[in-house]
Amino acid sequence: MQHNRRAFVRNAALLPAALAAGTAFTPTSTAPARVAKVPDTLTVLFQGDSITDAGRDRESTAANDYGKMGLGYAMLTSAMLLGEYPRVDLTAYNRGISGNKVYQLDERWEADALELQPDVISILIGVNDYWHMFNGNYDGTVDIYATDLRKLLDRTREALPDVKFILMEPFMVMGGKAVSDPRWANEFPAYLAAAKQISDDYGTAWVPLQQVFDEALDNAPAEHWSGDGVHPSLAGSYLMAGAWMKAFDKLY
(Lines give C-alpha, C1' and ligand atoms only; values in the text may rest on other atoms or scores of the structure.)
Protein backbone atom coordinates (compact mmCIF):
# COMPACT_ATOMS: atom_id res chain seq x y z
CA MET A 1 0.00 0.00 0.00
CA GLN A 2 3.04 2.29 0.15
CA HIS A 3 2.88 3.27 -3.53
CA ASN A 4 -0.52 4.88 -3.02
CA ARG A 5 0.97 7.63 -0.81
CA ARG A 6 1.98 9.46 -4.00
CA ALA A 7 -1.63 9.49 -5.17
CA PHE A 8 -2.73 11.02 -1.87
CA VAL A 9 -0.09 13.74 -2.19
CA ARG A 10 -1.17 14.53 -5.75
CA ASN A 11 -4.69 15.09 -4.46
CA ALA A 12 -3.57 17.59 -1.82
CA ALA A 13 -4.24 20.63 -3.95
CA LEU A 14 -7.73 19.39 -4.76
CA LEU A 15 -8.88 18.84 -1.21
CA PRO A 16 -9.67 22.43 -0.16
CA ALA A 17 -11.73 22.88 -3.31
CA ALA A 18 -13.55 19.63 -2.68
CA LEU A 19 -14.37 20.70 0.84
CA ALA A 20 -15.55 24.08 -0.37
CA ALA A 21 -17.77 22.52 -3.03
CA GLY A 22 -19.26 19.78 -0.88
CA THR A 23 -22.81 20.82 -0.08
CA ALA A 24 -22.98 18.61 3.00
CA PHE A 25 -20.14 20.54 4.66
CA THR A 26 -22.19 23.50 5.87
CA PRO A 27 -19.98 26.40 7.00
CA THR A 28 -20.17 26.72 10.78
CA SER A 29 -20.24 30.51 10.48
CA THR A 30 -23.85 30.23 9.31
CA ALA A 31 -24.86 27.06 11.13
CA PRO A 32 -25.49 26.80 14.89
CA ALA A 33 -23.09 24.74 16.96
CA ARG A 34 -24.38 21.25 17.67
CA VAL A 35 -25.68 20.68 21.16
CA ALA A 36 -23.19 18.03 22.13
CA LYS A 37 -23.57 15.49 24.89
CA VAL A 38 -19.87 14.84 24.58
CA PRO A 39 -17.51 15.89 27.38
CA ASP A 40 -16.19 19.44 27.50
CA THR A 41 -12.77 18.01 26.60
CA LEU A 42 -12.43 15.17 24.10
CA THR A 43 -9.47 13.44 22.44
CA VAL A 44 -10.12 11.37 19.32
CA LEU A 45 -7.53 9.05 17.76
CA PHE A 46 -7.70 7.67 14.22
CA GLN A 47 -5.76 4.44 13.76
CA GLY A 48 -5.23 2.09 10.85
CA ASP A 49 -3.31 1.54 7.63
CA SER A 50 -2.81 3.64 4.49
CA ILE A 51 -6.51 4.47 4.20
CA THR A 52 -6.18 6.31 7.51
CA ASP A 53 -2.59 7.44 6.95
CA ALA A 54 -3.57 9.04 3.62
CA GLY A 55 -0.15 10.59 3.08
CA ARG A 56 0.06 12.34 6.46
CA ASP A 57 3.27 13.98 7.60
CA ARG A 58 4.62 11.41 10.04
CA GLU A 59 7.28 13.85 11.23
CA SER A 60 4.55 15.97 12.79
CA THR A 61 2.98 14.81 16.03
CA ALA A 62 0.72 17.83 16.42
CA ALA A 63 -3.01 17.45 16.79
CA ASN A 64 -5.68 19.35 14.83
CA ASP A 65 -3.02 20.35 12.31
CA TYR A 66 -4.44 21.00 8.84
CA GLY A 67 -2.18 19.40 6.28
CA LYS A 68 -0.62 17.03 8.82
CA MET A 69 -3.69 14.85 9.25
CA GLY A 70 -3.37 13.27 5.82
CA LEU A 71 -5.61 13.79 2.82
CA GLY A 72 -8.33 11.28 3.56
CA TYR A 73 -11.32 10.57 5.76
CA ALA A 74 -9.43 11.22 9.03
CA MET A 75 -8.76 14.82 8.04
CA LEU A 76 -12.30 15.34 6.74
CA THR A 77 -13.78 13.82 9.87
CA SER A 78 -11.55 15.89 12.16
CA ALA A 79 -12.63 19.04 10.31
CA MET A 80 -16.27 18.07 10.75
CA LEU A 81 -15.81 17.39 14.47
CA LEU A 82 -14.01 20.67 15.09
CA GLY A 83 -16.52 22.61 13.03
CA GLU A 84 -19.66 21.01 14.44
CA TYR A 85 -18.54 20.98 18.08
CA PRO A 86 -16.78 24.35 18.47
CA ARG A 87 -17.60 24.52 22.20
CA VAL A 88 -15.77 21.26 22.92
CA ASP A 89 -12.04 21.35 23.61
CA LEU A 90 -11.45 18.71 20.97
CA THR A 91 -8.13 17.14 20.04
CA ALA A 92 -7.81 14.86 16.99
CA TYR A 93 -4.81 12.71 16.11
CA ASN A 94 -4.08 10.62 13.03
CA ARG A 95 -1.64 7.77 13.65
CA GLY A 96 -2.43 5.52 10.70
CA ILE A 97 0.57 3.94 8.97
CA SER A 98 0.49 2.59 5.44
CA GLY A 99 0.81 -1.17 5.11
CA ASN A 100 -0.09 -1.99 8.69
CA LYS A 101 -1.83 -5.15 9.83
CA VAL A 102 -3.30 -5.65 13.30
CA TYR A 103 -0.12 -7.04 14.83
CA GLN A 104 1.76 -3.94 13.64
CA LEU A 105 -0.75 -1.70 15.39
CA ASP A 106 -0.06 -3.68 18.53
CA GLU A 107 3.70 -3.20 18.17
CA ARG A 108 3.34 0.59 18.26
CA TRP A 109 0.22 0.84 20.41
CA GLU A 110 1.89 2.20 23.54
CA ALA A 111 3.32 5.29 21.84
CA ASP A 112 0.69 5.73 19.13
CA ALA A 113 -2.41 5.10 21.22
CA LEU A 114 -2.17 4.58 24.96
CA GLU A 115 0.22 7.44 25.67
CA LEU A 116 -2.14 9.84 23.90
CA GLN A 117 -4.86 9.02 26.44
CA PRO A 118 -7.68 9.17 23.87
CA ASP A 119 -11.32 9.18 24.86
CA VAL A 120 -12.35 7.74 21.48
CA ILE A 121 -10.26 5.38 19.37
CA SER A 122 -11.33 4.83 15.77
CA ILE A 123 -9.79 1.77 14.11
CA LEU A 124 -9.88 0.80 10.44
CA ILE A 125 -7.73 -2.28 9.88
CA GLY A 126 -8.00 -5.53 7.98
CA VAL A 127 -7.44 -5.04 4.28
CA ASN A 128 -3.69 -5.71 4.57
CA ASP A 129 -4.31 -8.70 6.82
CA TYR A 130 -6.01 -10.22 3.77
CA TRP A 131 -4.21 -8.48 0.88
CA HIS A 132 -0.70 -9.35 2.06
CA MET A 133 -1.75 -12.95 2.61
CA PHE A 134 -3.35 -12.96 -0.83
CA ASN A 135 -0.06 -11.72 -2.33
CA GLY A 136 1.99 -14.31 -0.46
CA ASN A 137 3.71 -11.77 1.78
CA TYR A 138 2.04 -12.73 5.05
CA ASP A 139 1.02 -15.98 6.72
CA GLY A 140 -2.04 -14.55 8.42
CA THR A 141 -5.57 -15.94 8.44
CA VAL A 142 -8.94 -14.52 9.35
CA ASP A 143 -8.65 -16.24 12.73
CA ILE A 144 -5.32 -14.55 13.38
CA TYR A 145 -6.86 -11.22 12.36
CA ALA A 146 -9.77 -11.66 14.75
CA THR A 147 -7.61 -12.90 17.62
CA ASP A 148 -5.11 -10.06 17.22
CA LEU A 149 -7.87 -7.44 17.07
CA ARG A 150 -9.57 -8.78 20.19
CA LYS A 151 -6.26 -8.76 22.06
CA LEU A 152 -5.68 -5.16 20.99
CA LEU A 153 -9.08 -4.06 22.27
CA ASP A 154 -8.56 -5.98 25.54
CA ARG A 155 -5.15 -4.38 26.02
CA THR A 156 -6.61 -0.95 25.41
CA ARG A 157 -9.52 -1.35 27.79
CA GLU A 158 -7.21 -2.60 30.50
CA ALA A 159 -5.10 0.55 30.18
CA LEU A 160 -7.99 2.94 29.43
CA PRO A 161 -11.14 1.52 31.06
CA ASP A 162 -13.37 4.38 29.91
CA VAL A 163 -12.25 4.48 26.28
CA LYS A 164 -14.89 4.34 23.57
CA PHE A 165 -14.19 2.47 20.32
CA ILE A 166 -15.37 3.13 16.81
CA LEU A 167 -14.66 0.14 14.56
CA MET A 168 -14.71 0.86 10.85
CA GLU A 169 -15.52 -2.04 8.58
CA PRO A 170 -12.76 -3.08 6.17
CA PHE A 171 -14.12 -2.76 2.63
CA MET A 172 -13.51 -3.27 -1.06
CA VAL A 173 -15.05 -1.26 -3.86
CA MET A 174 -16.15 -3.86 -6.38
CA GLY A 175 -14.91 -3.04 -9.86
CA GLY A 176 -11.58 -1.71 -8.64
CA LYS A 177 -8.54 -3.17 -10.36
CA ALA A 178 -6.84 -4.32 -7.13
CA VAL A 179 -9.85 -6.43 -6.12
CA SER A 180 -10.72 -7.91 -9.51
CA ASP A 181 -9.61 -11.44 -8.62
CA PRO A 182 -12.76 -13.40 -7.63
CA ARG A 183 -11.02 -14.58 -4.46
CA TRP A 184 -11.57 -11.12 -3.03
CA ALA A 185 -15.33 -11.49 -3.33
CA ASN A 186 -15.21 -15.05 -2.00
CA GLU A 187 -12.68 -14.73 0.83
CA PHE A 188 -12.43 -11.14 2.03
CA PRO A 189 -16.02 -10.98 3.40
CA ALA A 190 -14.89 -13.33 6.19
CA TYR A 191 -12.72 -10.50 7.50
CA LEU A 192 -15.66 -8.13 7.37
CA ALA A 193 -17.80 -10.61 9.29
CA ALA A 194 -15.06 -11.08 11.89
CA ALA A 195 -14.79 -7.33 12.42
CA LYS A 196 -18.56 -6.99 12.81
CA GLN A 197 -18.68 -9.84 15.33
CA ILE A 198 -15.94 -8.16 17.36
CA SER A 199 -17.82 -4.87 17.24
CA ASP A 200 -20.95 -6.61 18.53
CA ASP A 201 -19.07 -8.50 21.24
CA TYR A 202 -17.29 -5.40 22.52
CA GLY A 203 -20.21 -3.03 22.12
CA THR A 204 -18.33 -0.61 19.88
CA ALA A 205 -19.77 1.93 17.52
CA TRP A 206 -19.74 0.47 14.00
CA VAL A 207 -19.17 2.11 10.62
CA PRO A 208 -20.59 -0.18 7.88
CA LEU A 209 -18.28 0.87 5.08
CA GLN A 210 -18.95 -2.07 2.79
CA GLN A 211 -22.63 -1.16 2.71
CA VAL A 212 -21.72 2.51 2.19
CA PHE A 213 -19.62 1.75 -0.88
CA ASP A 214 -21.95 -0.93 -2.25
CA GLU A 215 -24.77 1.60 -2.22
CA ALA A 216 -22.53 4.29 -3.68
CA LEU A 217 -21.99 2.13 -6.77
CA ASP A 218 -25.64 2.73 -7.63
CA ASN A 219 -24.77 6.40 -8.16
CA ALA A 220 -21.34 6.30 -9.80
CA PRO A 221 -18.82 3.70 -11.03
CA ALA A 222 -16.07 2.25 -8.86
CA GLU A 223 -13.36 4.64 -10.07
CA HIS A 224 -15.34 7.61 -8.75
CA TRP A 225 -15.11 6.23 -5.22
CA SER A 226 -11.74 4.46 -5.38
CA GLY A 227 -9.02 4.27 -7.98
CA ASP A 228 -8.03 0.70 -7.14
CA GLY A 229 -10.95 -0.63 -5.11
CA VAL A 230 -9.06 -0.32 -1.83
CA HIS A 231 -7.94 3.30 -1.39
CA PRO A 232 -10.77 5.85 -1.46
CA SER A 233 -10.82 8.87 -3.72
CA LEU A 234 -11.82 12.30 -2.41
CA ALA A 235 -15.43 11.30 -2.99
CA GLY A 236 -14.89 8.00 -1.18
CA SER A 237 -13.23 9.77 1.74
CA TYR A 238 -16.23 12.09 1.89
CA LEU A 239 -18.57 9.11 2.22
CA MET A 240 -16.39 7.60 4.93
CA ALA A 241 -16.36 10.81 6.95
CA GLY A 242 -20.14 11.06 6.82
CA ALA A 243 -20.58 7.45 7.90
CA TRP A 244 -18.08 7.94 10.72
CA MET A 245 -20.00 10.94 12.05
CA LYS A 246 -23.19 8.89 12.20
CA ALA A 247 -21.38 6.30 14.34
CA PHE A 248 -19.89 9.00 16.56
CA ASP A 249 -23.32 10.48 17.21
CA LYS A 250 -24.36 7.15 18.74
CA LEU A 251 -21.53 7.19 21.29
CA TYR A 252 -22.94 10.01 23.40
Side-chain angles (χ1 to χ4, degrees), residues 1-2 4-29 31 34 38 42-86 88-100 105 112-113 116 118-125 127 166-171 173 205 207 209 212-213 216 224-228 230-249:
M1 300 173 77
Q2 298 283 359
N4 290 281
R5 291 174 61 83
R6 292 192 295 272
F8 285 125
V9 172
R10 286 197 299 270
N11 282 334
L14 301 176
L15 188 51
L19 284 169
T23 56
F25 289 89
T26 305
T28 54
S29 60
R34 296 181 68 165
V38 301
L42 189 72
T43 297
V44 179
L45 169 65
F46 295 92
Q47 267 290 2
D49 51 40
S50 64
I51 301 171
T52 302
D53 181 333
R56 70 180 177 88
D57 181 359
R58 297 185 199 165
E59 298 302 316
S60 172
T61 59
N64 301 356
D65 191 348
Y66 182 77
K68 310 295 186 182
M69 293 289 290
L71 304 172
Y73 81 90
M75 194 281 283
L76 295 179
T77 305
S78 298
M80 294 171 75
L81 285 170
L82 290 162
E84 294 190 20
Y85 295 100
V88 176
D89 181 10
L90 198 147
T91 301
Y93 293 100
N94 181 356
R95 290 293 186 270
I97 292 185
S98 181
N100 268 192
L105 294 188
D112 283 351
L116 299 175
D119 302 293
V120 176
I121 300 180
S122 171
I123 302 174
L124 172 55
I125 199 74
V127 67
I166 296 179
L167 282 188
M168 304 182 72
E169 184 178 28
F171 65 92
V173 182
V207 186
L209 291 177
V212 167
F213 282 103
H224 183 76
W225 309 112
S226 171
D228 61 3
V230 173
H231 299 88
S233 64
L234 292 177
S237 296
Y238 174 91
L239 293 182
M240 293 175 69
W244 193 98
M245 288 297 292
K246 290 180 180 179
F248 177 80
D249 287 343

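FYI, side chains are in, hydrogens and waters are out, and symmetry mates aren't considered; it's all heavy atoms of this structure.
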Nearest 0.5 Å please: distance from the [atom1] atom of [X] over to the [atom2] atom of [Y].
| X | Y | atom1 | atom2 | value |
| --- | --- | --- | --- | --- |
| F171 | L124 | CZ | CG | 6.5 Å |
| L105 | I123 | CG | CD1 | 7.0 Å |
| M75 | R56 | CE | CZ | 14.5 Å |
| F46 | M168 | CZ | CE | 8.0 Å |
| E84 | F248 | CD | CZ | 9.5 Å |

Using modelled atom types and a 3.5 Å cut-off, is there a donor and acceptor pairing between side-chain atoms of [X] and backbone atoms of [Y]?
| X | Y | value |
| --- | --- | --- |
| D119 | T43 | yes |
| Q47 | D112 | yes |
| N100 | D49 | no |

Looking at [X] and [Y], what are the two nearest heavy atoms and their distance?
| X | Y | result |
| --- | --- | --- |
| A216 | L239 | CB-CD1, 3.6 Å |
| A92 | N64 | N-OD1, 2.7 Å |
| P232 | I51 | CD-CG2, 3.7 Å |
| N94 | A74 | ND2-CB, 3.8 Å |
| G72 | A54 | N-CB, 3.4 Å |
| S78 | M69 | OG-CE, 3.1 Å |

Examine the side chains of T52 and Y73 and answer whether a donor and an acceptor come within less than 3.5 Å of each other.
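Indeed, the side chains of T52 and Y73 share at least one donor-acceptor pair under 3.5 Å.
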Are H231 and S50 close enough that a side-chain donor and a side-chain acceptor fall under 3.5 Å?
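Yes, side-chain donor-acceptor contact under 3.5 Å.
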Quick one, L209 and M240 - any side-chain contact, counting heavy atoms below 4.5 Å?
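Of all side-chain heavy-atom pairs linking M240 with L209, at least one is under 4.5 Å.
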Close side-chain approach of V207 to I166, heavy-atom, < 4.5 Å
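V207 vs I166: side chains touch.
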Could you tell me whether D53 and R95 have a side-chain N and a carboxylate O separated by less than 4.0 Å?
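No salt bridge links D53 with R95.
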Does V173 form a side chain to side chain contact (heavy atoms under 4.5 Å, CB included) with V230? I'd like the steps, not just the answer.
CA-CA 6 Å; V173 182; V230 173; over 6 Å; no
Would D89 and L42 satisfy side chain to side chain contact (heavy atoms under 4.5 Å, CB included), going step by step from the backbone distance to the final call?
CA-CA 6 Å; D89 181 10; L42 189 72; over 6 Å; no
For W225, ring-ring contact (aromatic ring centres under 6.0 Å, His included) partners two or more places apart
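For W225 there are no ring-ring contact (aromatic ring centres under 6.0 Å, His included) partners, ignoring immediate neighbours.
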Working for side chain to side chain contact (heavy atoms under 4.5 Å, CB included), residues M245 and T77:
CA-CA 7 Å; M245 288 297 292; T77 305; 4.2 Å; yes
